[in-house]
Amino acid sequence: MVNSFDIIPKYWYNIIPDLPKPLPPPRDPQDAEFSRIDLLRKILPKEVLRQEFTIERFVKIPDEVRDRYINIGRPTPLIRARRLEEYLKTPARIYFKYEGATPTGSHKINTAIPQAYFAANEGVSHVTTETGAGQWGTAVALAASMYDLESTIFMVRVSYEHKPMRRTIMELYGAKVHASPTDLTEFGRKILKENSRHPGSLGIAMSEAIEYALENNYRYLVGSVLDVVILHQSIIGMESINQLEAIGEEPDTIIGCVGGGSNFGGFTYPFIGTKKGKKYIAVGSSEVPKFSKGKYEYDFPDSAGLLPLVKMITLGKDFIPPPIYSGGLRYHGVAPTLSLLVKEKVIEWREYTEEEIYNSAKIFMKTQGIIPAPESAHAIKAAIDEALEAKKTDDKKVILVNVSGHGLLDLSNYESMKNRVMKK
Amino acid sequence: MVAYMTLGYPNVNDFYEFVDNVEDFGVDILEIGIPPKYAKYDGPVIRKTYKIVSNNIRNYYEILHEVKERIKIPVVILTYLEEYVDKLGDFLLKLKESRVDGVLLPDLLIDYVDEYEKYVNLIKNEGIKTVLFTAPLMPDDLIIKASKLTDLFLYYGVRPTTGVVIPISIDSLINRIRTMVQSKLIVGFGLNSIEDIKKAMSVGADGIAVGTSLIEEVDKNGVNGALELIRKLRGVLDEYY
C-alpha cells in the first residue's frame with residue numbers, strides 16, 4: 001500500500017462544541033504584571049492562535065500539511081496484535097495504532113508540522129521551542145527543516161549532557177541546540193549568574209524559548225497542553241476511524257497514555273465525538289499520580305508561569321516528579337478538555353507502577369517485536385488488563401490502543417528500570 | 001449599543017461627565033464595572049482601571065445611586081459572582097437600593113455552572129434583571145438555556161479575555177449562536193476594530209458592547225475622546241438597523 005492523499009483525513013476534529021459542560025477559559029493570574037493571554041498573541045503563529053480558540057467541530061487540514069504528513073509516513077499503521085492476543089489467550093481483538101512509525105519516533109511530529117507550516121506561511125524565518133528529553137525538540141527540528149525554517153531549541157542542560165544522541169538528531173535536522181540555561185536570554189543569564197552550573201528545567205527552557213522568540217520576532221512552537229495541540233493530534237484518531245472502517249471493525253474500548261494529554265486526546269476525541277466506542281481509558285503513572293491525587297483547579301501549564309492559567313487536573317506546577325523512566329509522563333497537569341471529560345466521567349483512568357508497565361512492555365516486545373516508549377507501555381498495560389478481563393467473560397470485544405512512540409531512544413531508561421525492578 | 005465604563009474611572013467627576021453624555025452620543029445600555037479583587041476574565045486595560053478605582057473610592061453604591069439620578073437608559077452592573085457568593089443577599093439588596101436595572105456576572109456560567117439557575121432566581125427575586133454572559137466555549141444546550149433565562153439581552157463574549165485581540169473568525173462564532181437563540185444578542189469582549197463590528201452585525205448580532213477601547217480613549221483623549229468613539233461606532237451600527 002502506497003501512502004496517498006486519499007487515506008489522510010481532510011479535517012482535524014475539535015471536541016470543544018461536543019463537551020458536556022463549558023470549558024473554563026484560560027485566565028491571567030491575579031495581579032499579573034503582564035497578560036499571559038496577550039503574550040500568546042505575540043509568540044504563536046496567528047493561525048495556531050486562531051485554532052486554539054476555534055469552536056468549529058472540524059478544522060480543514062491545509063493540503064501542504066497533508067502533503068508533509070504523507071512525507072513522514074502517514075497514515076501510520078493500524079496493526080492487529082495477533083501474537084499478543086494468542087499469548088494472553090483472550091477472545092478480544094486487540095488493535096494498536098503505531099505512532100512510533102514516524103521518522104522522529106513519536107506522535108509529536110503531528111503538531112510540529114502544522115505549527116511550522118503556519119509560521120512559515122506568515123513569513124517568519126525562524127522558530128524556537130524548548131525540549132526536555134528531546135522528543136518535542138526533534139519533532140520541531142524536522143518540521144522546521146521541511147518548511148525551510150531555522151530552528152533554535154533550548155534543551156534542558158541535564159538532558160543535553162545525558163542524551164547527546166537526541167541532540168545529534170536535532171542538529172542533523174539542522175536545528176541549533178543550546179543547553180539551557182544559556183547566555184542568549186536575559187532570563188538565562190540571570191539564572192547562570194546565580195549558579196553557573198545550573199542543571200536547568202523545562203520551565204527555564206520554556207521561558208528562554210519564549211523570550212528568544214519575542215526578542216527576535218520569531219515564533220514559538222508549543223508542545224503540549226494547549227487545545228490546538230490536541231486538535232492537530234486528532235489526525236491519529238481520524239485516521240484510525242478510516243482504517244477501522246476499511247476492515248469493518250467497531251472499537252469497544254479505546255486506550256491511550258497521558259503525559260499532558262495530547263496523544264490521548266488526539267487519539268480518542270474523534271471516537272468520543274462521533275460516539276464510536278463504549279469505554280475510553282486514560283492511563284497515567286502511579287509515580288506521578290495526577291488522576292488519583294491531583295486537584296481540578298486553575299494552575300500554570302508551565303513551571304515558570306509564563307503561559308495563561310488553565311483549569312485542569314494538576315499536582316501543582318511545582319510538583320517534583322521522581323526520576324522515573326517515562327519522561328513524557330512526568331508532567332504535572334492534564335489538558336483542560338481531558339480534565340473536564342475525566343471529571344464528567346466520560347473518560348475512565350488508570351495508574352500503573354513502573355514495575356507493572358515494565359512487565360507489560362516486555363510482553364509486547366516479545367509478542368509484537370516493538371520496543372514501545374515507556375510512556376506507551378502504560379497504555380499497553382491497560383490493554384492487556386482489559387483483554388484478560390474479557391477472557392473471564394468470553395467477551396469478544398475490540399480493544400484499540402495507541403502506541404504513541406517507540407522506545408529505541410529510551411534504552412538507558414529501560415536499562416535503569418530493569419535494574420530497579422530486578423532489585424525488588 | 002452597550003457601553004462599558006468602570007465605576008468612577010478615571011475619577012468621579014469625569015465619570016459623571018461620561019454618564020451624563022452617553023445617551024446623547026448613542027448608547028442604549030450603560031454597563032458599569034464594580035472592581036472585584038480578581039478580574040478573572042478581564043484583560044490588562046480593564047484590570048488597571050479596577051486597581052485605580054478601588055484605591056480611590058470607598059462607597060460604590062453612592063455613586064451608582066447618583067448615576068441612576070442622572071440617566072434614564074438601563075444600567076447593568078458587571079462584577080464577578082466569586083466576590084459576592086457568600087454575601088449575595090446583601091449585595092443584591094444594595095444594588096436594589098441603588099436602583100440599578102440589571103447585573104451581569106461573567107463567571108456565573110463558567111465557575112458556577114452547576115447551580116447557575118439558583119443564582120439567577122435569587123437575582124430575579126430581588127427584582128433585578130439578569131444578563132447572562134455566554135462564550136464560544138459553552139456547549140450548545142447551555143447557550144440555548146441561558147438565552148431563555150436572560151433579561152435585556154444575551155451577552156456573547158467572543159474572546160477569552162476582554163481587550164486582548166486574538167485572531168478568531170468572528171462571523172463563524174456568531175453564525176453558530178445566531179441559529180440557536182432567539183433573544184437579543186450583544187457581542188463583546190475584545191471586539192474593537194470597525195471591521196470586527198461590521199462582521200458581527202452582518203451575521204446577525206443585535207448590537208455590540210465596547211469597553212476596553214473606550215477606556216483606552218479616556219486614557220489618551222479624556223472623556224470627550226471616549227464619547228467621540230461612541231458616536232463613530234454608533235454610526236457604524238446604524239448602517240445595520
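Order of the sequence lines fixes the chain letters, A, B, ..., with proteins taken first and strands second; residue numbering starts at 1 for each chain. Everything quoted here is computed from the prediction, not taken from an experiment.
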(message) Which atoms of B:Ile143 are under 4.5 Å from chain A, going by heavy atoms: the side chain, the backbone, both sets, or neither?
(response) neither

(request) Would you check if A:Tyr298 and B:Asp111 make a side-chain contact, meaning some heavy-atom pair closer than 4.5 Å? (result) yes

(message) For A:Glu186, I'd like to know if atom CD has over 12 heavy atoms of other residues, nucleotides or ligands within 6.0 Å.
(response) no

(message) Taking atom CD as the centre, does B:Gln182 end up with more than 12 heavy-atom neighbours from other residues, nucleotides or ligands that are less than 6.0 angstrom away?
(response) no

(message) Quick check on A:Thr54 against chain B: is it the side chain, the backbone, both or neither that has a heavy atom closer than 4.5 Å?
(response) neither

(message) Quick check: do A:Pro24 and B:Ile110 have side-chain heavy atoms less than 4.5 Å from each other?
(response) yes

(message) Quick one, B:Arg47 and A:Ser35 - any side-chain contact, counting heavy atoms below 4.5 Å?
(response) yes

(message) Within a 6.0 Å radius of atom NZ on B:Lys232, are there more than 12 heavy atoms belonging to other residues, nucleotides or ligands?
(response) no

(request) Counting only heavy atoms closer than 4.5 Å, note whether B:Tyr41 contacts chain A via side chain, backbone, both or neither. (result) side chain

(message) A side-chain contact here means heavy atoms from C-beta on lying under 4.5 Å apart; do A:Pro22 and B:Pro139 qualify?
(response) yes

(message) Looking at A:Lys46, I want to see if its NZ is surrounded by more than 12 non-hydrogen atoms of other residues, nucleotides or ligands under 6.0 Å.
(response) no

(message) Using every non-hydrogen atom in the two residues, find where B:Val113 and A:Lys21 come nearest and quote the distance to one decimal.
(response) CG1-CD, 4.2 Å

(request) With a 4.5 angstrom heavy-atom cut-off, could you sort out which part of A:Leu19 is near chain B: side chain, backbone, both or neither? (result) backbone

(message) For the NZ atom on A:Lys293, are there more than 12 heavy atoms of other groups (residues, nucleotides or ligands in this structure) within a distance under 6.0 Å?
(response) no

(request) Against chain A, label B:Ile168 side chain, backbone, both or neither, depending on which of its atoms sit under 4.5 Å from a heavy atom there. (result) both

(request) Against chain A, label B:Asp114 side chain, backbone, both or neither, depending on which of its atoms sit under 4.5 Å from a heavy atom there. (result) side chain

(message) Tell me if the NZ atom of B:Lys124 is crowded by more than 12 foreign heavy atoms within 6.0 Å.
(response) yes

(request) For chain A, find which of B:Ala135, B:Pro167, B:Pro136, B:Gly43 contributes the most heavy-atom pairs closer than 4.5 angstrom. (result) B:Pro167

(message) I'd like to verify something: which residue of B:Asp141, B:Thr134, B:Leu137, B:Val158 has the highest number of heavy-atom pairs under 4.5 Å with chain A?
(response) B:Leu137

(message) Between B:Leu173, B:Leu142, B:Ile166, who has the most heavy-atom pairs with chain A when the cutoff is under 4.5 Å?
(response) B:Ile166

(request) Please look at B:Lys51 and chain A and tell me whether the side chain, the backbone, both or neither of the residue comes under 4.5 angstrom of a heavy atom of that chain. (result) neither

(request) Please state whether the side chain, the backbone, both or neither of A:Leu40 comes within less than 4.5 Å of a heavy atom of chain B. (result) neither

(message) Need one label for A:Pro308: side chain, backbone, both or neither, based on atoms under 4.5 Å from any heavy atom in chain B.
(response) neither

(request) Could you tell me which non-hydrogen atom of A:Asp28 sits nearest to which non-hydrogen atom of B:Asp42, and how far apart they are? (result) OD2-O, 4.5 Å

(message) Between A:Asp18, A:Leu49, A:Leu309, A:Asp38, who has the most heavy-atom pairs with chain B when the cutoff is under 4.5 Å?
(response) A:Leu49

(message) Are there over 12 heavy-atom neighbours, none belonging to B:Lys129, within less than 6.0 Å of that residue's NZ?
(response) no

(request) Select, from B:Lys40, B:Lys37, B:Arg176, the one with the greatest count of heavy-atom pairs under 4.5 Å involving chain A. (result) B:Lys40

